[in-house]
Amino acid sequence: MLRASAPAPGARTFRQILEADMLTRRAFLHATGAAAAAAAVADDGLARVERAARAVRNLAPEDVAADEQYWREVQQAFTLDRTIINLNNGGVCPSPRVVHEALKRYLDISNQAPVYHMWQILEPNIESVRRRLAAAFGCSPGELAITRNASEALQIAQLGLDLKPGDEVVTTNQDYGRMLDTWEQRVRRDGIKLTKISFPVPPSSLDLLAERLLAAITPATKVLHFCHITNLTGQIFPVRRICDEARRRGIRTVVDGAHAFAHFPYTAADLGCDYYGTSLHKWLLAPIGTGFLYVRREHIPALWPLTPAATGKSDDIRKFEEIGTHPAANHNAIAEALNFHEGIGIERKAARLRYLRNRWADRLRQHQKIRIHTNLDPAHSCAIGTVQVTGIPAGKVVAQLWERWRIIATPIVHAEYEGVRVTPNVYTTLEEVDTFAAAMESIAG
Ligand SMILES: Cc1ncc(COP(=O)(O)O)c(C=O)c1O
């Protein structure tokens, strides 16, 4: 963005600059339009996914979940190394080709003259991305800031809230390490109190999760912080129930949705939280280095940004995006990821993810030496599942999966349990899931 400054004597008027600018812009759009058309011919991934979706539009998501012909089209939209089986999509995900091409295209455009092409042409289009993300999440665009990841989004809320010494934050001991570290820093720096509750895995009911958190509230509690879905076992929390009760008691809710957005269907109205942070480089399959922060409208003015912004911006959600120079390519290519995501449809996607998860989980749970720490009820979980081979450390199981079968999974070692976290994605094939299940049987054997 160009900064306003006093015009030098003899400088062109703003109108002249604008007119010249529009001419250049037209020429530019002509050039990039041609580039985009060429890219579209070279990459019909999105068109194929949309065509496949039309063919199954009258089927229920659960039926499409088992339609390999449909998912083959989706699998083809990625440029993957199929000599390895990536079952760690909980960390960060590959983007479909069409998204990655958009990212590269925007980087190329930016590099022509970044002060112009990136700041003047690409950067303002962040507003289209904001509008579309807000529509998908179900909030107003004025409540959504685009961030570089979920950590940044959540830390804006965690570090931007005014809390006095002795004020309490209640969370769980299964929340994400970095987010717990962030609160711990406030304990050391600001003298707040942090209470971490524990809960069983798998929990017997969603009520139990809500009751455990709400029972920990004391008169000093100012904030509840918890995951929409945990990264350790993929446990989904009854967010609305907890947030409604917290609001009734005057307590703010910070919800860690790093793994939730574009993973299974919901909207902001189903949550009722005050602050929400998510990654977009996980389940939305957007470029690496993308996320968003939702702040309930009335809380925007009082929440301090991590990187200070001008006073005049204090009630503008964009104050949370004042991070200095950064690539426009990453956040603009989110638009392409939304196209791809909407091309599949969230209901179909969640059904397929559960289908893939159940395929290995239903087979392995028969095994005497295997324990599944994830509650497989659809109200409790979706793609993510954590499984233990009893008697063998999770790190060793993961090492064997890699060394013998070239399967990537991640070890989860918590003070109260351990296991291997398995996260397939829309590009995962049945053969890959079956290879994993057979490998686990062999290790447990
Ligand atoms: C539950 C949870 N919260 C927050 C994060 C941080 O996400 P990001 O890496 O996008 O900052 C993660 C990352 O895996 C996570 O699993």
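Both counts, for ligands and for their atoms, begin at 1 and track the order of listing. Remember, predicted model here, so these are calculated numbers, not experimental data.
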Next on the checklist: Looking at non-hydrogen atoms alone, which of N231, D256, L180 comes nearest to atom 3 (N) of ligand 1?
Outcome noted: D256

Item to check | Closest non-hydrogen atom pair, L209 against Q235 | outcome: CD1-NE2, 3.4 Å

Checklist outcome for this item: If you scan protein heavy atoms around atom 14 (O) of ligand 1, the nearest is K282 NZ, 2.7 Å

Checklist outcome for this item: Counting from 1 in the order shown, the ligand 1 atoms closer than 4.0 Å to a non-hydrogen atom of A258 are 2 (C), 3 (N), 4 (C), 5 (C), 12 (C), 15 (C)

Item to check | Aromatic ring pairing W283/H263, orientation class (parallel under 30°, perpendicular over 60°, tilted between) | outcome: parallel

Next on the checklist: Does the plane of the ring in H414 sit parallel, tilted or perpendicular to the ring in Y417? Use 30° and 60° as the thresholds.
Outcome noted: parallel

Checklist entry - Just which atoms of ligand 1 are under 4.0 Å from any heavy atom in N149? => result 8 (P), 10 (O), 11 (O)

Checklist entry - Which residue and non-hydrogen atom of the protein lie closest to atom 4 (C) of ligand 1, and at what distance in Å? => result Y176 CD2, 3.3 Å

Checklist entry - Considering residues, nucleotides and ligands other than H380, do more than 12 of their heavy atoms fall under 6.0 Å from its NE2? => result yes

Checklist entry - Can you tell which part of H259 has a heavy atom less than 4.0 Å from ligand 1: side chain, backbone, both or neither? => result side chain

Checklist entry - Any idea which atoms of ligand 1 are less than 4.0 Å away from a heavy-atom of S279? => result 7 (O), 8 (P), 10 (O)

Checklist entry - How are the rings of F78 and F340 set relative to one another: parallel (under 30°), tilted (30 to 60°) or perpendicular (over 60°)? => result perpendicular

Item to check | Stepwise side-chain hydrogen bond (donor to acceptor under 3.5 Å, both in side chains) test for E336 and H100 | outcome: CA-CA 9 Å; E336 208 65 58; H100 198 59; over 6 Å; no

